[in-house]
Structure formats: C-alpha cells, structure tokens
Asker: 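Below is the structure I would like to discuss, written out as structure tokens.
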Amino acid sequence: MVAMRQARHPDPDEITLVTVLGALSDPIRVGLVRVLADGRERGWGELRAPVAKSTLSHHLRVLRDAGLTRTRQEGTRCFVELRRGDLDARFPGLLASVLDAAHNDDVGAHVHTEP
C-alpha cells in the first residue's frame, strides 16, 4: 500500500498578513473562503467554481499554504475547512471585514457548492 503525503499547514504564528492578503487577492479564492465561512468542512468534490479542476486544486493549495484553510485527506478524498479560529486569533476582525466587503461587492459569488 502506498502512503499518502500529508499536507503541511502553517502553525498559527507562521501565518503572515502579507501571505493571507496575497491569497485573498483572487476572486475565486475569496469565493472559496465565502463558501467555507459557514464553518462546515467540505469535500473538494462539493466545491464548484468556473475553473478547471486542476486550477481549483491550485487555488485550494494557495489558501492552505497561506494558513487560511486546513485540508484533511481520508482515503482518496480530500476535505477542506476554514481556519477561522486561528485567523481570528492572529488577525482579529480581518476575516469578518473581508467577508463583509466580499459580500457587499459580490466578490466570489460565482463559487458555490453542489446542490
């Protein structure tokens, strides 16, 4: 049996403002954060965005590497959740402000989950 490589997640004190803001500079990634903001863990297959699967995978990796999300692998399936607690502790109010602004400007609204 082949062992699956575990994704690396930055520790909360390794998450930097510049990296977080860089990850949030793309509307698809903002949309993914909006979808995950409800606190539910989602399977990658549930996420729908107007990009190829490989591009969606890239966006999810950028979010994970920046410390915005946590990815968990279970067999061949991957699940993702927003690291809201870590982000709120590190940058109080930032995530709420980003989500409010994204909602007001309709940024990332084209990203959703399968019905």
Side-chain angles (χ1 to χ4, degrees):
M1 177 159 55
V2 176
M4 294 265 181
R5 190 182 76 192
Q6 292 295 321
R8 184 192 181 289
H9 299 90
D11 291 330
D13 61 340
E14 295 176 315
I15 300 171
T16 68
L17 180 62
V18 171
T19 306
V20 168
L21 293 177
L24 293 172
S25 67
D26 185 278
I28 297 289
R29 294 192 290 265
V30 171
L32 290 165
V33 169
R34 286 180 67 177
V35 166
L36 296 170
D38 67 1
R40 292 183 47 213
E41 181 183 64
R42 306 292 175 126
W44 283 19
E46 295 176 56
L47 301 170
R48 299 288 180 259
V51 295
K53 286 183 182 183
S54 60
T55 303
L56 180 59
S57 179
H58 165 76
H59 286 304
L60 288 166
R61 181 176 182 176
V62 170
L63 291 172
R64 183 191 72 223
D65 289 349
L68 285 152
T69 61
R70 180 169 308 284
T71 301
R72 175 178 66 85
Q73 192 155 351
E74 187 175 291
T76 59
R77 298 190 64 207
C78 288
F79 299 88
V80 64
E81 66 181 338
L82 189 63
R83 292 176 64 179
R84 180 172 232 138
D86 290 339
L87 292 165
D88 287 344
R90 185 84 169 103
F91 308 110
L94 177 67
L95 189 57
S97 295
V98 167
L99 290 168
D100 284 346
H103 176 76
N104 290 339
D105 291 350
D106 211 27
V107 176
H110 52 294
V111 178
H112 59 280
T113 57
E114 68 181 15

Asker: Is any side-chain heavy atom of Pro27 less than 4.5 Å from a side-chain heavy atom of His110?
Answerer: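 In contact.
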Asker: List the residues meeting salt bridge (Lys or Arg N to Asp or Glu O under 4.0 Å) with Arg40, not counting sequence neighbours, and say none if there are none.
Answerer: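 With sequence neighbours excluded, Arg40 shows a salt bridge (Lys or Arg N to Asp or Glu O under 4.0 Å) to no residue whatsoever.
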Asker: Please identify each residue that fulfils salt bridge (Lys or Arg N to Asp or Glu O under 4.0 Å) with Asp26, with sequence neighbours left out.
Answerer: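 Scan of Asp26 (salt bridge (Lys or Arg N to Asp or Glu O under 4.0 Å), adjacent residues dropped) gives none.
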Asker: Carefully, step by step, assess His103 and Arg34 under the rule side chain to side chain contact (heavy atoms under 4.5 Å, CB included).
Answerer: CA-CA 8 Å; His103 176 76; Arg34 286 180 67 177; 3.6 Å; yes
Asker: Sequence neighbours left out, cut at 3.5 Å: what donor-acceptor pairs do the side chains of residues 85-95 make with other protein atoms?
Answerer:
{"from": "Asp86", "atom 1": "OD2", "to": "Arg83", "atom 2": "NE", "distance (Å)": "2.9"}
{"from": "Asp86", "atom 1": "OD2", "to": "Arg83", "atom 2": "NH2", "distance (Å)": "2.9"}
{"from": "Arg90", "atom 1": "NE", "to": "Pro12", "atom 2": "O", "distance (Å)": "3.3"}
{"from": "Arg90", "atom 1": "NE", "to": "Ile15", "atom 2": "O", "distance (Å)": "2.8"}
{"from": "Arg90", "atom 1": "NH2", "to": "Ile15", "atom 2": "O", "distance (Å)": "3.0"}

Asker: Would you say Thr113 and Arg48 make side-chain contact, with heavy atoms under 4.5 Å?
Answerer: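 No - every pair of side-chain heavy atoms lies 4.5 Å or more apart.
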Asker: How long is the straight-line distance from CD of Gln73 back to CZ of Phe79, given to the nearest 0.5 Å?
Answerer: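 Answer for the CZ-CD pair, Phe79 versus Gln73, is 10.0 Å.
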Asker: With a 4.5 Å cut-off on side-chain heavy-atom distances among I, L, V, M, F, W and Y, is there a chain of contacts connecting Val98 to Leu17?
Answerer: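 The answer is yes; both residues are in one hydrophobic cluster.
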Asker: Just to verify, what does Arg8 make a side-chain hydrogen bond (donor to acceptor under 3.5 Å, both in side chains) with, not counting sequence neighbours?
Answerer: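 Only Glu14 meet the side-chain hydrogen bond (donor to acceptor under 3.5 Å, both in side chains) criterion with Arg8.
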Asker: Taking the side chain as every heavy atom from C-beta outward, state whether Leu68 and Leu32 have any atom pair closer than 4.5 Å.
Answerer: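 Leu68 does not reach Leu32 side chain to side chain.
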Asker: Measure across Ser57 and Trp44 and return the closest heavy-atom pair with its distance rounded to 0.1 Å.
Answerer: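 Shortest heavy-atom contact: OG-CZ3, 3.6 Å.
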Asker: Got a sec, which residues hit side-chain hydrogen bond (donor to acceptor under 3.5 Å, both in side chains) with Thr55, two or more places apart in sequence or on another chain?
Answerer: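 side-chain hydrogen bond (donor to acceptor under 3.5 Å, both in side chains) check on Thr55 returns nothing, list empty.
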Asker: Give the minimum heavy-atom separation between Asp65 and Pro10, together with the two atoms involved.
Answerer: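 Smallest interatomic distance, heavy atoms only, reads O-CG, 3.6 Å.
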Asker: Can you confirm whether the side chains of Arg29 and His59 place a donor and an acceptor under 3.5 Å from each other?
Answerer: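 On atom types as modelled, these side chains qualify, holding a pair under 3.5 Å.
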Asker: Where is the tightest heavy-atom contact between Val35 and Arg42, given as atom of each residue plus distance?
Answerer: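 Closest approach of Val35 to Arg42, heavy atoms only: O-NH2, 3.9 Å.
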Asker: List the residues meeting side-chain hydrogen bond (donor to acceptor under 3.5 Å, both in side chains) with Thr19, not counting sequence neighbours, and say none if there are none.
Answerer: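 In terms of side-chain hydrogen bond (donor to acceptor under 3.5 Å, both in side chains), with neighbours along the sequence ignored, Thr19 is linked to Thr16.
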Asker: What are the two closest non-hydrogen atoms of Val51 and Leu56, and how far apart are they?
Answerer: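 Residues Val51 and Leu56, closest heavy atoms: CG2-N, 3.8 Å.
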Asker: Quick one: pull up CG in Leu63 and CG in Leu24 and give me the separation to the nearest 0.5 Å.
Answerer: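 Atom-to-atom, Leu63:CG and Leu24:CG are 7.0 Å apart.
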Asker: Search all heavy atoms of Ile28 against all heavy atoms of Pro50 and return the closest pair with its distance.
Answerer: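 In terms of heavy atoms, the two residues are closest at CD1-CD, 3.9 Å.
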Asker: Taking side chain as C-beta onward, heavy atoms only, is Arg72 less than 4.5 Å from Glu41?
Answerer: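 Arg72 reaches Glu41 side chain to side chain.
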Asker: Does Val33 reach the side chain of Leu99, with side-chain heavy atoms less than 4.5 Å apart?
Answerer: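 Val33 reaches Leu99 side chain to side chain.
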Asker: Can you name the closest pair of heavy atoms from Thr71 and Val80 and give their distance?
Answerer: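 Smallest heavy-atom distance, with atoms named: OG1-CG2, 4.2 Å.
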